[in-house]
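Every chain is numbered from 1, with letters handed out A, B, ... down the list of sequences.
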Amino acid sequence: MNLWRKIGLLLALQLTALAAMVADKQWTLNTGTPVVLQTEPVDPRSMFMGDYARLNYGISHLQLDGETALGGDKDFKRHDTVWVALKPEADGAKAVSVHHQRSDIAPGLLALKGEAQSVNDFAWDRVNNKSLKQRTLEVRYGIEQYYVQEGSGGQIERPRGGEKVAILAAIDARGKAGILAVLLDGRERYRETLF
Amino acid sequence: MNNHKFVKRLAQELPRWEKEGWLSAEGGQAILADLAARQSKPLWASSLALAGALLLGVGVITWFAAHWSEMSKLIKLLLVVFALSASHVAHGLCLNRGALPRLAQGMALLSVLFFGAAIMLIGQIYHIDAHFPDGLALWAAGGLLTAWLLASQPALVLSLALAGLWSWNEQFGYQAMNWPLLGYLLLAGVLLWRQHWPIAARAWGALCILWVIGWHAQPWIGETWSAAAHLRLFALQVLGLAGCWALAQASAHPLARAVRGDLLLASLLGAFLFTFPDLALRGVQPTGELLSWLAALAVIAALYAVGIFRLVRASELPVARLSIGIALAVGFAALLVLEIVLPRNNGLPGLLWNALFIGLLYWLGDLGIRHGDRLMVNRAFSGFALLVLARYFDTFWSLMDRALFFMAGGVLLLAGGGWLERRRRVLMSGIETRRSA
């Protein structure tokens, strides 16, 4: 094979790999079931984060004990694969149970795949401003970052004037999630397109 | 000596050689003319061109970074494709039109960097927030492909470094075994078998060793490093590394020649750790799962035996020396088997390891002197100095409050170190003398 053919082959394979990344994401967005996920305020912006908004969801912190504990498994450790059963509701999807295996999720519920970030024995009560003894599982779903135009990340991370930020996410058959749109007070602020 | 200096020195020497009658005047002129014709293009020219290309690349990237948020997705994608294609085409032009092989290698390296940038930018454009090491794996695979198709050693070295980062994140960060790395190592190994790239070969060997060490970060092997399972696994790994070294030492292939020094160093380092009398003495005693360890031992011991057999068969050492070598190899394997089968409960294995380690260093030094291998002799002396230091601290650390013992130990160490250095210098000058003769 001569040099130019090798270069052509290399370029074709590299572009195919990059296109596969885009296609995988678009497949999730096009075939996934749309659900609304409510976000929560995040910690102050890090100087290293650059121009993207960090998103924190209600389903990012799952209670494993106490009166409001979720059903399912309790014995998680860091980096475990987590399957969360979601029930879509008008004001945002709610987590119903959390499992190690997808097959344990009851029929009729949406299965969302995540990765255990940490298991904490204490949680911070924002209302009373004190620490509570409560076992909480922190989960990452791969939809925690959203790149926005320079300077506008703060509007999503820390909305002002009582604005509510929600995410319209698509969850595909593999349990993978992708962000379809960012909603400010129920109206689309950013919409994802292929080009 | 660089080429320019060599030609200058030759031009100074030629008249004397002609005067002595060793060379005719025409012959001398012909040699100089031939050298002048074969003079390579100055290094600074290609270095400047490479620096210029890099500066241009950095400038273009900075300009686009400043205007990134104003561009549409399509423009961003086109830019990514253009940058990647441009580096590939530049590589081809440097080789075909410009005959600039060094600059072409620089372009191949740049194309690997651009591929990584493309992965990150696609991730940003489409908000892809996946398992972080997967991105590194894709980048490393792209680098390997570049090295393979463009025959570029720098691209392979960069790819191996990325694969190291990938494996580090998977095995130490996520505590998951990185099995796909074996496929990568196999493909990179095939490429290195065909191409004779010593730097990349050493990086490949280092990556193999990193993967082997990564087994100890897995939760199933035990949470604490004092667990007996770690010691058993470590013994197996040291035996395996020593077996690979023996196979590499017996082979004349450039890949084997490149990696054997590091394999030997890793094996010796493993043996050195076993010389510590307290190693894993306070560890958790193993439960009854010996059978699986013995099965693994049988496979690795077979590899070690094949390596030693090939080494013995290829050896040109006198019978007496060879017998000592075989005895040391058997002793080494026997002590490792002992560590696996009978977990330590006293200091005796440590004592035996110290004796064996001294024997190994002596044999290594002797082999280095016989082959005129300065590096081997230096390594043997360094190993001996390290062992003496380790035992010094083992012995005198507990006697810290007795200053006299501590001082006596220090004096002993200073005297021993001086004697050792004198011996090393004598041996080195002997090697030099033999080489000159």
Quick check on Arg5(A) against chain B: is it the side chain, the backbone, both or neither that has a heavy atom closer than 4.5 Å?
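Neither part.
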Taking atom [atom1] as the centre, does [X] end up with more than 12 heavy-atom neighbours from other residues, nucleotides or ligands that are less than 6.0 angstrom away?
X	atom1	answer
Lys76(B)	NZ	yes
Ile199(B)	CD1	no
Glu89(A)	CD	yes

So for [X], is it side chain, backbone, both, or neither that comes closer than 4.5 Å to the heavy atoms of chain A?
X	answer
Ile125(B)	backbone
Leu138(B)	side chain
Ala118(B)	both
Leu150(B)	side chain
Thr146(B)	both

For residues [X] and [Y], report the shortest heavy-atom separation together with the two atoms involved.
X	Y	answer
Glu115(A)	Tyr174(B)	OE2-CE2, 3.1 Å
Tyr126(B)	Thr193(A)	CE2-O, 4.2 Å
Leu74(B)	Phe195(A)	CD1-CD2, 3.6 Å
Ser85(B)	Leu11(A)	OG-CD2, 3.5 Å

Taking atom [atom1] of [X] and atom [atom2] of [Y], what is their separation to the nearest 0.5 Å?
X	Y	atom1	atom2	result
Tyr146(A)	Asp129(B)	OH	CG	13.5 Å
Leu77(B)	Leu194(A)	CG	CG	8.0 Å
His127(B)	Leu180(A)	NE2	CG	11.0 Å
Ile7(A)	Asn96(B)	CD1	CG	7.5 Å
Ile143(A)	Ile128(B)	CD1	CD1	14.0 Å

Full working for side-chain contact (heavy atoms from CB on, under 4.5 Å) between His91(B) and Lys6(A):
CA-CA 11 Å; His91(B) 171 85; Lys6(A) 282 181 182 173; over 6 Å; no
Residues in residues 69-84 of chain A near chain B [non-hydrogen atoms, under 4.5 Å]
Arg78(A), His79(A)
If contact means a heavy atom pair closer than 4.5 Å, which residues of residues 13-33 of chain A contact chain B?
Leu13(A), Gln14(A), Leu15(A), Ala17(A), Leu18(A), Met21(A), Val22(A), Lys25(A), Gln26(A)
